[in-house]
Protein chains: 2
Amino acid sequence: MPVKNPSLKSAASSTVEDYLERILELINSKGYARVVDIASALKISQASVTNMIQRLDTEGLLNYEKYRGLVLTTAGEKLARSIAHRHQLLTDFLKLFGIDDDVIYHDVEGMEHHISPPTLRAIEALTAQLRRRPALLAKLKLAGT
Amino acid sequence: MPVKNPSLKSAASSTVEDYLERILELINSKGYARVVDIASALKISQASVTNMIQRLDTEGLLNYEKYRGLVLTTAGEKLARSIAHRHQLLTDFLKLFGIDDDVIYHDVEGMEHHISPPTLRAIEALTAQLRRRPALLAKLKLAGT
DNA sequence: TAAATAAGTTAGTTTTAACTAACTTTTGCA
DNA sequence: TGCAAAAGTTAGTTAAAACTAACTTATTTA
């Protein structure tokens, strides 16, 4: 395995899911998501966003009119919502252990796009069960410190 | 009464209500309402829209960020919805008489901003009653031709 | 592990929206 | 009915968003 140069940020490339997640977030919070907004939310350049947006438009996940604005299509919104939902489930799960919010955010960002539906369902069920066993949870929290 | 020059369109000035009505319509249909969209929807100049939008922003009916977009505030959306609702009630009422859609549209546009709540409620109740009396309605339709 | 592919960057340009200023037209009311 | 206030217009300007091109950095996979 090649050793990475630690002076370079590993800056994992944004996926389609990252874009959709942020776009939905922007629309919910500000009411609109312009290329410039997406770029600053993802901390990447406008040029990069332009490319991806045009791709998402041709893929039918959103409708884009340059210089005007964009809207998620039904398909795009559905997908975006499921991504946001998954994000929430994972966050809720980690919250059970009393982990710091910042750490939770970091971890969820890192793993969310790699989790399969079965695993996610397992985690969801597990979260529900753990919530009913406060004593067990307390023991787990102690173990984590 | 001064005789108007018939070669000039009478072009009644748009009211705050006209603006809100169109903005809501644009947001519902296109997902966003830019100054340029509003201007062409109301068939007035951008300059004029800029002025009004800035005013509506200071009045708290919408939040505007130039070059970005605008969103209705809770108050603005509430007002816009009630305007749209009134428009619909009046349209429904005139539809009872089998009047042409174009004519209905023209008339509703002309009168909607001048109708008081009591009158509107009366018309709403009347519409409901007439719908239960098809025979009477048929008679009224004939009288209108 | 080295191509091939995908994503990102910077720099410079283009396009468009939106603004302002100066002036005209409407409208409503004293 | 005429004047003040409100709304609209045009023309020209400014500013921001978004685009393109050329190139670099990551990532994936044969």
Side-chain angles (χ1 to χ4, degrees), chain A residues 1-23 26 30-59 61-71 109-111 113-114, chain B residues 1-23 26 30-59 61-71 109-111 113-114:
Chain A
M1 201 186 283
V3 177
K4 285 183 186 174
N5 179 343
S7 72
L8 293 175
K9 296 178 196 165
S10 91
S13 290
S14 302
T15 65
V16 168
E17 297 200 344
D18 286 316
Y19 278 89
L20 289 175
E21 192 170 6
R22 296 310 177 102
I23 290 170
L26 285 167
K30 311 190 41 173
Y32 48 82
R34 303 291 300 271
V35 168
V36 67
D37 295 311
I38 300 164
S40 81
L42 289 174
K43 293 181 183 124
I44 57 180
S45 69
Q46 285 189 18
S48 208
V49 174
T50 296
N51 286 333
M52 179 61 89
I53 292 301
Q54 288 170 344
R55 185 182 129 193
L56 295 179
D57 181 279
T58 64
E59 285 177 6
L61 291 172
L62 50 83
N63 291 324
Y64 178 55
E65 261 190 289
K66 66 183 178 181
Y67 299 108
R68 293 301 193 77
L70 63 84
V71 209
E109 284 292 306
M111 67 190 182
H113 305 315
H114 305 286
Chain B
M1 199 187 283
V3 177
K4 285 183 184 174
N5 179 342
S7 72
L8 294 175
K9 297 177 196 168
S10 90
S13 290
S14 302
T15 65
V16 168
E17 298 200 342
D18 285 317
Y19 278 88
L20 289 175
E21 192 170 6
R22 295 311 175 103
I23 289 170
L26 284 167
K30 309 189 43 174
Y32 48 83
R34 305 290 301 271
V35 168
V36 66
D37 295 312
I38 299 165
S40 81
L42 290 173
K43 292 181 184 125
I44 58 180
S45 69
Q46 285 189 18
S48 209
V49 175
T50 296
N51 286 332
M52 179 62 88
I53 292 301
Q54 289 171 342
R55 187 183 127 193
L56 295 178
D57 180 279
T58 65
E59 285 177 6
L61 292 172
L62 50 84
N63 291 325
Y64 178 54
E65 261 190 291
K66 66 184 180 180
Y67 299 108
R68 293 300 194 78
L70 63 85
V71 210
E109 283 291 305
M111 66 192 183
H113 305 315
H114 305 287

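Reminder, nothing fancy here: chain letters follow the sequence lines and each chain counts from 1. In this text the structure is predicted, and so the values were computed from the model without any measurement.
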Report, one pair per line, the protein and nucleotides 16-19 of chain D atoms (nitrogen or oxygen only) whose separation is under 3.5 Å.
unit_1: D/dA17; atom_1: OP1; unit_2: B/Arg68; atom_2: NE; d: 2.5
unit_1: D/dA17; atom_1: OP1; unit_2: B/Arg68; atom_2: NH2; d: 3.3
unit_1: D/dA17; atom_1: O3'; unit_2: A/Arg34; atom_2: NH2; d: 2.9
unit_1: D/dA18; atom_1: OP1; unit_2: A/Arg34; atom_2: NE; d: 2.8
unit_1: D/dA18; atom_1: OP1; unit_2: A/Arg34; atom_2: NH2; d: 2.8
unit_1: D/dA18; atom_1: OP2; unit_2: A/Val35; atom_2: N; d: 3.3
unit_1: D/dA18; atom_1: OP2; unit_2: A/Val36; atom_2: N; d: 3.0
unit_1: D/dA18; atom_1: O3'; unit_2: A/Tyr64; atom_2: OH; d: 3.2
unit_1: D/dA18; atom_1: N7; unit_2: A/Gln46; atom_2: OE1; d: 3.1
unit_1: D/dC19; atom_1: OP1; unit_2: A/Tyr64; atom_2: OH; d: 3.3
unit_1: D/dC19; atom_1: OP2; unit_2: A/Thr50; atom_2: OG1; d: 2.6

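The interatomic distance linking B/Ile38 (CD1) with C/dC19 (P) rounds to 11 Å, in whole Å. One atom, OH of B/Tyr32, and another, P of C/dA18, lie 11 Å apart when rounded to the nearest Å. Atom OH in B/Tyr19 sits about 7 Å away from atom C1' in D/dA7, given to the nearest Å. Regarding B/Ile53, its CD1 atom lies at a distance of 14 Å from the C1' atom of D/dA7, rounded to whole Å. Atom C1' of nucleotide D/dA5 and atom CZ of B/Arg55 are separated by 11 Å, given to the nearest angstrom. Atom CD of B/Glu59 and atom P of D/dA6 are 11 Å apart (whole Å). The interatomic distance linking B/Asp57 (CG) with C/dC19 (P) rounds to 11 Å, in whole Å. Across the protein-nucleic acid pair, A/Asp18 atom CG and C/dA7 atom C1' stand 12 Å apart, rounded to whole Å.
By the side chain to side chain donor-acceptor pair (under 3.5 Å) test, A/Thr15 pairs with A/Asp18, sequence neighbours left out. Under the side chain to side chain donor-acceptor pair (under 3.5 Å) criterion, B/Glu59 pairs with B/Arg55, sequence neighbours left out. Annotation: side-chain contact (heavy atoms from CB on, under 4.5 Å) contacts of B/Asp37 (sequence neighbours excluded): A/Arg68, B/Leu26, B/Lys30, B/Tyr32, B/Arg34.
Rounded to the nearest 0.5 angstrom, A/Asn51 CG and A/Leu56 CG are separated by 11.0 Å.
Under the side chain to side chain contact (heavy atoms under 4.5 Å, CB included) rule, B/Val16 has a single partner from B/Met52, B/Glu21, B/His113, which is B/Met52.
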Return a table of donor-acceptor pairs under 3.5 angstrom between the side chains of residues 41-48 of chain B and protein atoms on other chains or two or more places apart.
unit_1: B/Ser45; atom_1: OG; unit_2: B/Ser48; atom_2: N; d: 3.3

Requested in this report: Decide side chain to side chain contact (heavy atoms under 4.5 Å, CB included) for B/Leu70 and B/Ile23; before the verdict, give the C-alpha distance in whole Å, the side-chain angles of both, and the deciding distance to 0.1 Å.
Outcome: CA-CA 9 Å; B/Leu70 63 85; B/Ile23 289 170; 3.9 Å; yes

Report task. Output, in order, the C-alpha distance, side-chain angles, deciding distance and verdict of side chain to side chain contact (heavy atoms under 4.5 Å, CB included) for A/Thr58 and A/Gln54. Result -> CA-CA 6 Å; A/Thr58 64; A/Gln54 288 170 344; 5.7 Å; no

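In terms of phosphate contacts, B/Ser14 brings no side-chain nitrogen or oxygen within less than 4.0 Å of OP1 or OP2 of D/dA7.
For the residue pair A/Tyr67 and A/Tyr64, the shortest heavy atom distance occurs at N-OH, 4.4 Å.
Two end axes, each from the C1' atoms of five base pairs, can be drawn for the helix from C/dT1-D/dA30 to C/dA30-D/dT1; they diverge by 40°, to 10 degrees.
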